Structure formats: C-alpha cells, structure tokens
Amino acid sequence: MATITIRLDDTLKNNFSKTCDELGLDMTTAFTIFAKKMTREKRIPFDVSIDPFYSESNMEHLKRGIKALREGKGQEHDLIEE
C-alpha cells in the first residue's frame, strides 16, 4: 500500500471533505475512485474546461446585480422556463 501526499487550499480541502461526507465517502475513497477510473479509461474522467459562467466579467455583472437588489434598485421579471 502506497501513501500519497496532496497539498490543497484549506477551503478546498474542507469543501471536498464535506462533499465526500455527504456522499458517504472519505477523501481516500474518493481519490481511489478517481485513480481507478482514470487508469481504466486512460483519460481524465471528466471534462476539464472553463465554465463561462464564472468568467470575471460575468461575476462582476452578478455582483452589480446583487448590490442593486440590496439597495432596492432591482427589477422584477418573470422566470423563463426552458
């Protein structure tokens, strides 16, 4: 049995641990699942891409919208069903 040390930001580690707990896993099991799937498929088993939702310009737009709502300047609208 081998030991691997991984350095993570404290916030990421805590969020990852919480998510694992919610799934009934520990972090070691989650990393083992990842390693087995990657080894079997010979690829990273998920898309590695940049989600445009989290772009800097979109996040600034959302922050402005939240600020406007908190200041009572927001506008109501109907929800759009897809």
Side-chain angles (χ1 to χ4, degrees):
M1 187 68 66
T3 300
I4 298 172
T5 302
I6 299 172
R7 296 178 60 88
L8 296 174
D9 172 90
D10 287 336
T11 301
L12 176 59
K13 185 260 180 192
N14 291 333
N15 290 338
F16 181 61
S17 179
K18 181 180 176 185
T19 301
C20 287
D21 288 343
E22 290 170 358
L23 292 170
L25 304 169
D26 58 29
M27 290 190 298
T28 298
T29 302
F31 280 115
T32 300
I33 290 169
F34 170 78
K36 285 183 177 185
K37 188 162 178 72
M38 187 172 179
T39 301
R40 182 174 50 251
E41 296 179 6
K42 304 292 188 226
R43 68 181 190 90
I44 296 175
F46 48 81
D47 277 342
V48 178
S49 61
I50 298 171
D51 185 340
F53 179 83
Y54 297 100
S55 69
E56 187 174 335
S57 62
N58 195 46
M59 297 310 290
E60 289 302 317
H61 174 75
L62 292 170
K63 288 176 187 176
R64 286 190 303 274
I66 291 168
K67 182 179 178 201
L69 287 172
R70 288 186 176 150
E71 293 173 351
K73 299 176 185 174
Q75 297 177 351
E76 290 187 29
H77 60 82
D78 293 328
L79 293 176
I80 300 171
E81 298 287 333
E82 289 189 36

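Nothing fancy with the numbering, it's 1 onward along the sequence. Only a predicted model underlies this, so the values are computations on that prediction, with no experimental measurement involved.
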Rounded at 0.5 Å granularity, tell me how far [atom1] in [X] sits from [atom2] in [Y].
X   : Y   : atom1 : atom2 : answer
K36 : E41 : NZ    : CD    : 14.0 Å
L12 : R7  : CG    : CZ    : 13.0 Å
I6  : K13 : CD1   : NZ    : 12.0 Å

Using modelled atom types only, decide if a donor and an acceptor are shared between the side chain of [X] and the backbone of [Y] within a distance under 3.5 Å.
X   : Y   : result
N58 : Y54 : no
T32 : T28 : yes
D47 : S49 : no

Distance-only donor-acceptor check, side chains T29 and D26, under 3.5 Å: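 There is such a pair between these side chains.
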Least distance between heavy atoms, F53 atom then M59 atom: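 Heavy atoms only, the tightest pair is O-SD, 3.7 Å.
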Side chain to side chain contact (heavy atoms under 4.5 Å, CB included) evaluation trace for K37 with R40: CA-CA 5 Å; K37 188 162 178 72; R40 182 174 50 251; 4.1 Å; yes
Side chain proximity check, T39 to F34, heavy atoms < 4.5 angstrom: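 Of all side-chain heavy-atom pairs linking F34 with T39, none is under 4.5 Å.
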Matching residue for S17 among T19, N15, N14, D21 - test: side-chain contact (heavy atoms from CB on, under 4.5 Å):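 Output: one option passes, namely D21.
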Whether over 12 other heavy atoms sit under 6.0 Å from E56 CD: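 Not more than 12 within 6.0 Å, no.
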D10, CG: over 12 other non-hydrogen atoms inside 6.0 angstrom: no
Joint hydrophobic cluster, M27 plus L23, side-chain heavy atoms closer than 4.5 Å: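 Different clusters.
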